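Take a look at the structure below.
For clarity, every value in this text was computed on a predicted model and none was experimentally measured. Numbers restart at 1 for each chain; the letters A, B, ... are given by sequence-line order, proteins then strands.
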Amino acid sequence: MSFSQKIIHWYSANKRSLPWRNTTDPYKIWLSEIMLQQTRVAQGMPYYERFIEHFPTVHDLANASEEEVLKLWQGLGYYSRARNLHTTAKLISEKYNGHFPDTYKGLLELKGVGDYTASAIASFCFKEAQPVVDGNVFRVLSRYFGIDLPINSTEGIKYFKALALKVMDADQIADYNQGIMEFGALQCAPKNPYCLHCPLNDSCVALQKGKIDILPVKLKKAKVKERYFNYLVVLDKENAIEIRQRRGRGIWQNLFEFPLLETEREYSLEEITNTMDTVLELKEPTEIYQFNEKTIVHKLSHQHLHTKFWIVKSEEKHSNGVSLEELKEYPVPVLIAEFINTFKF
DNA sequence: AAAACGGGGAC
DNA sequence: GTCCCAGTTTT
């Protein structure tokens, strides 16, 4: 049996039942693929169910506001995915009459759709012979064929896509693509793959050479940056809270937060008191105190956010204030959501 | 070519 | 702590 035949055979016996596997509707496949980018199936699943419930068709998604979409996306991370999702939904709904492009090349033009996602949709929905190359596929191919090119180098990416093209089964592309990813996720796992009882263990180069634990090779990523966030939770006499929407570049674009004073190190109460006028128009706060006893370290892939929430009480009523209950309807970063959940007046 | 972009789960 | 997840876009 060939490599692809073994994969397809393994898949038929081991495939999980997943909600987006019962359809070839490009809308549902596209939605699931965007959600699953750099995201585990278990984490994406409830979001997928909620999106389909709220937006059964691409037109429903297109007609929603960006805030609604971001709110449903809250907690899933990489929020540009949600913004691009909405942009693409509007394009498909308004310009393409609800129809997705039916080729790899056409799909690649969509915002948020790169090589992997275009290949996935084209193969799952339209049977176009385009191999998917995701993290699972990199791992399976690098191990089985014993390739030590870094999977995140330009050369490596090109090599693995070409190799994937060579070994795929063009006639059963949907099952082959689903199969090799499922195989990577369940059998050829990153750590402790169960090689003893693997259908490929008689021909896997990495296994024969004892290189399972060093493949795939990956170039090291840049180190984490430390940042110091001071959120100013300004409460007026009616306990309305001032909120702002993050604009421009950087993390959490278009999500909501409190006025933010970022510093180069941790600041004390006195230092915050003396510098908060750089981000606030407040004249005379009546009371300031730190809400969280210990600094919260919110960890992102490449930043550690050392965060303090400062409660600032004021007599002045602010124009863009919202109640705590209203605030819960806004899309916010998990860091803010966790504060809201623990905050009591 | 490298950096930016989230959050969570497994070890 | 480290790694990495059904990657893409921007710099």
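Annotation: side chain of A:Tyr47 is in contact with side chain of A:Met35 (closest heavy-atom distance under 4.5 Å).
Residue pairs meeting the salt bridge (charged side-chain N to carboxylate O under 4.0 Å, His left out) criterion with at least one member in residues 225-245 of chain A, sequence neighbours excluded: A:Arg227-A:Glu262, A:Glu238-A:Lys317, A:Glu242-A:Arg244. Within the structure, the salt bridge (charged side-chain N to carboxylate O under 4.0 Å, His left out) test picks out the following pairs touching residues 157-185 of chain A (sequence neighbours left out): A:Arg16-A:Glu182, A:Arg21-A:Glu182, A:Asp115-A:Lys161. Applying the salt bridge (charged side-chain N to carboxylate O under 4.0 Å, His left out) test to residues at least two apart or on different chains, none of the pairs has a partner in residues 118-129 of chain A. Screening residues 94-105 of chain A for salt bridge (charged side-chain N to carboxylate O under 4.0 Å, His left out) gives no qualifying pairs among residues at least two apart or on separate chains.
Within 4.0 Å of A:Val113, counting heavy atoms only, lie sugar-phosphate atoms of the nucleic acid but no base atom. The residue A:Ser32 sits apart from the nucleic acid: no heavy atom pair falls under 4.0 Å. Using a 4.0 Å heavy-atom cutoff across all strands shown, A:Gly250 reaches sugar-phosphate atoms only and no base atom.
Within residues 174-182 of chain A, the residues having any heavy atom under 4.0 Å from DNA chain C are, by residue number, A:Gln178, A:Met181. Contacts with DNA chain C (heavy atom under 4.0 Å) in residues 11-27 of chain A: A:Leu18, A:Trp20, A:Arg21, listed by number. Near-neighbour residues of DNA chain B inside residues 35-43 of chain A, defined by a heavy atom below 4.0 Å, number-ordered: A:Gln38, A:Thr39, A:Arg40, A:Gln43. Of the residues in residues 70-80 of chain A, those placing a heavy atom less than 4.0 Å from an atom of DNA chain B are A:Gly75, A:Leu76, A:Gly77, A:Tyr78, A:Tyr79, in numerical order.
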Verify ring pair (Phe, Tyr, Trp, His ring centres under 6.0 Å) between A:Phe3 and A:Phe145, making sure each step is shown before the conclusion. CA-CA 10 Å; A:Phe3 170 78; A:Phe145 293 99; 5.5 Å; yes
When you look at A:Tyr267 and A:Tyr228, which way does the ring pair (Phe, Tyr, Trp, His ring centres under 6.0 Å) test go after all the steps? CA-CA 8 Å; A:Tyr267 266 31; A:Tyr228 302 88; 9.2 Å; no
Could you go step by step and tell me if A:Ile147 and A:Leu141 meet the side chain to side chain contact (heavy atoms under 4.5 Å, CB included) rule? CA-CA 7 Å; A:Ile147 312 298; A:Leu141 295 181; over 6 Å; no
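Between A:Lys220 atom NZ and B:dA1 atom C1' the separation is 18 Å, expressed in whole Å. Nucleotide B:dA3 holds its P atom 18 Å from the CD1 atom of A:Ile251, rounded to whole Å. Between the CZ atom of A:Arg227 and the C1' atom of B:dA4 there is a distance of 11 Å, rounded to whole Å. Computed from coordinates, the A:Lys111 NZ to B:dC5 C1' distance equals 16 Å when rounded to whole Å. Rounded to whole Å, the distance from CG on A:Asn152 to C1' on B:dA3 is 12 Å.
Ring centers of A:Tyr194 and A:His197: under 6.0 Å apart, within the cut-off. Ring-centre distance between A:Phe291 and A:Trp310: not below the 6.0 Å cut-off. For A:Phe183 and A:Tyr11, the ring centers are positioned 6.0 Å apart or more.
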Side-chain donor-acceptor pairs of residues 56-79 of chain A under 3.5 Å, sequence neighbours excluded:
{"unit_1": "A:Thr57", "atom_1": "OG1", "unit_2": "A:His59", "atom_2": "N", "d": "3.2"}
{"unit_1": "A:Thr57", "atom_1": "OG1", "unit_2": "A:Asp60", "atom_2": "N", "d": "3.3"}
{"unit_1": "A:Thr57", "atom_1": "OG1", "unit_2": "A:Asp60", "atom_2": "OD2", "d": "2.9"}
{"unit_1": "A:His59", "atom_1": "ND1", "unit_2": "A:Ser93", "atom_2": "OG", "d": "2.7"}
{"unit_1": "A:Asp60", "atom_1": "OD2", "unit_2": "A:Thr57", "atom_2": "N", "d": "3.0"}
{"unit_1": "A:Asn63", "atom_1": "ND2", "unit_2": "A:His59", "atom_2": "O", "d": "3.1"}
{"unit_1": "A:Ser65", "atom_1": "OG", "unit_2": "A:Glu68", "atom_2": "N", "d": "3.1"}
{"unit_1": "A:Glu66", "atom_1": "OE2", "unit_2": "A:Asn254", "atom_2": "ND2", "d": "2.6"}
{"unit_1": "A:Glu68", "atom_1": "OE1", "unit_2": "A:Ser65", "atom_2": "N", "d": "3.1"}
{"unit_1": "A:Lys71", "atom_1": "NZ", "unit_2": "A:Gln74", "atom_2": "OE1", "d": "2.8"}
{"unit_1": "A:Lys71", "atom_1": "NZ", "unit_2": "A:Lys328", "atom_2": "O", "d": "3.0"}
{"unit_1": "A:Lys71", "atom_1": "NZ", "unit_2": "A:Tyr330", "atom_2": "O", "d": "2.9"}
{"unit_1": "A:Trp73", "atom_1": "NE1", "unit_2": "A:Gly77", "atom_2": "O", "d": "2.9"}
{"unit_1": "A:Gln74", "atom_1": "OE1", "unit_2": "A:Val332", "atom_2": "N", "d": "3.0"}
{"unit_1": "A:Tyr79", "atom_1": "OH", "unit_2": "A:Gly75", "atom_2": "N", "d": "3.1"}

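With respect to the salt-bridge test (charged N to carboxylate O, under 4.0 angstrom), the residues A:Lys209 and A:Asp148 do not qualify.
Annotation: C:dA6 and B:dA4 have their P atoms spaced 24 Å apart (nearest Å). One P atom belongs to C:dT10, the other to B:dG6, and the distance between them is 13 Å to the nearest Å.
For DNA chain C, the outermost nucleotides in 5' to 3' order that have an atom under 4.0 Å from a heavy atom of chain A are C:dG1 to C:dT11.
Phosphate contact (OP1/OP2 of B:dA4, side-chain N/O of A:Trp252, threshold under 4.0 Å): absent.
In this view, A:Arg246 and A:Glu257 satisfy the salt bridge (Lys or Arg N to Asp or Glu O under 4.0 Å) rule, not counting sequence neighbours. Under the rule for a side-chain contact (heavy atoms from CB on, under 4.5 Å), the partners of A:Ser268 that lie at least two apart in sequence or sit in another chain are A:Glu270, A:Glu271.
Nearest-nucleotide assignment on DNA chain B puts the 5′-proximal partner with A:His302, out of A:Lys191 and A:His302.
Between A:Tyr27 and A:Phe100, the ring planes lie tilted relative to each other; the angle falls in the 30° to 60° range.
For the atom pair CZ of A:Phe309 and OH of A:Tyr289, the computed distance is 13.5 Å after rounding to the nearest 0.5 Å.
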